[in-house]
A.B. asks: 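Got a structure for you, written out below as structure tokens; questions coming shortly.
Starting from 1, each residue takes its place in the sequence as its number. Whatever order the structure lists them in is the order used to number ligands and atoms, beginning at 1. Here the structure is a predicted model, which is why all the values come from computation and not from measurement.
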Amino acid sequence: MATRVVILILGVICGISSSVIPFDDSDVGLNTVEIIENHGYVCENHYITTEDGYILTYQRIPHGKNDDGSGKKPAILLMHGLASSSADYVNMGPNRSISYILADIGYDVWIGNSRGNAWSRNHTTLDVVTDNEQFYDFSWHQIGYYDLPAAVDYILSVNGGDGLQYVGHSQGCTSFLVFASTRPEYNDKIKLASLMGPASIMEYHPNEILQVISNYIYDIEKLLKKYKIFELPLIEKLREIALSVCTNPENWDLCGVLFDFVGHDEAQFDTSLLPVLFTNLPSNFGFKQVLHYGQQIKNGGFSQYDFGREKNMEIYGAEKPPAYDLTKITAPVAVYYGKNDGLVNYMDVKTVISMLSNVANDYLIPHEAFNHIDFITATDVVDLLYVEMIQVMQKY
Ligand SMILES: *[C@@H]1O[C@H](CO)[C@@H](O)[C@H](O)[C@H]1NC(C)=O
Ligand SMILES: *[C@@H]1O[C@H](CO)[C@@H](O)[C@H](O)[C@H]1NC(C)=O
């Protein structure tokens, strides 16, 4: 494994730059499994049932391309962000998306799908359509508290190891921080968590529009409840429209509106990636996930869901929701963040890092314009980020 990493790093240093690899538009229209198989890798679906009944579909790349799969491999779990899916970690194809790189250097790669997204709309007793309100009655708190412990137990039972590595992007970091602080007994099973653009404390949220909207977050919650809207309606249709609009290069300016939210870094965004991206984006999510973020922006801090004074008393025994105690996190955590991230302010990331007791890496990405999606879409993401991340991973 070590030699392959050296080759990967040498390749980057010697200028076999990832940016010369053109995007493979044969991935357009394919789901995560089909994309992985399209590039000649093995992909397995695994169904993981949480303590509260959600049935999640995770993808696994059990070994690299030039590997027969024999031999023990360290497990690694990758978790995507809000309104997204496992496709985030395979969209750029081999040698660029991190799932393939990790499989090729010898990891047993697991790519998660959080509850309620397009892959994880099943439950032991609830029906996602007829029980829509109850099904989507969760925020990222439940993803951290229920999904991740179930996933870690399941993966270790299949892999046979005594611990795994974790990689999160955005909400994948939020849910990790919830998981490791509210289920401290799991910290021993996390060899290293690598967090990319960790959304959590939002004292200095960079987006002014979202800041203004967050002032009305409790009214928005009431309104959504009144009209019984628990997930984004017609999201499959929206995905179809986004794909057909963004497949046409004439519309790429329009599709670039995405940058208004994630931060502008056109230099690192190859617009030919748009059709692949919008094949699986946005993925399904519950509005409570968004509302919970809205509460963080409005209230500061990093706390459990605010149900209002009365229900908070009932659930938490206090008028205000309890803050997540990040000092309970003992697993090593490496943190990667960008100066131009439109959704996560690096100053807030600094606060989070100061609260962690076991920081494996504190890495501001050396590219001023690095934004919130560059972690999974930047043309030179291998050189800018993954080489550093993987070097640290290899030590754990
Ligand atoms: C990835 O890199 C390997 C080794 O340099 C090369 O053999 C392979 O063709 C590359 N794959 C793609 C899809 O570029
Ligand atoms: C949901 O899970 C149940 C139980 O595992 C399974 O029988 C059923 O086929 C699943 N439904 C879908 C739509 O995946």
A.B. asks: Check Arg183 with Glu51, please: is the shortest side-chain N to carboxylate O separation under 4.0 Å?
C.D. replies: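 Arg183 and Glu51: salt-bridged.
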
A.B. asks: Are any non-hydrogen protein atoms located under 4.0 Å from atom 9 (O) of ligand 2?
C.D. replies: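 There is no protein heavy atom less than 4.0 Å from atom 9 (O) of ligand 2.
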
A.B. asks: Is it true that Asp52 and Arg115 have a side-chain N and a carboxylate O under 4.0 angstrom from each other?
C.D. replies: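 Salt bridge: yes.
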
A.B. asks: Do NZ/NE/NH1/NH2 and the carboxylate oxygens of Lys311 and Glu314 come within less than 4.0 Å?
C.D. replies: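 Salt bridge: no.
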
A.B. asks: Out of Asp127, Thr124, Asn122, who is nearest to atom 1 (C) of ligand 2 when you count heavy atoms only?
C.D. replies: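 The residue whose heavy atom sits nearest atom 1 (C) of ligand 2 is Asn122.
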
A.B. asks: With sequence neighbours left out, write down each residue that passes side chain to side chain donor-acceptor pair (under 3.5 Å) with His123, or none if nothing qualifies.
C.D. replies: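 Counting only residues at least two positions away or on another chain, His123 forms a side chain to side chain donor-acceptor pair (under 3.5 Å) with Thr125.
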
A.B. asks: Using a strict 4.0 Å cut-off to heavy atoms of Ile55, name the atoms of ligand 2 that fall inside it.
C.D. replies: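 Taking each heavy atom of Ile55 in turn, ligand 2 has 2 (O), 4 (C), 5 (O) under 4.0 Å.
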
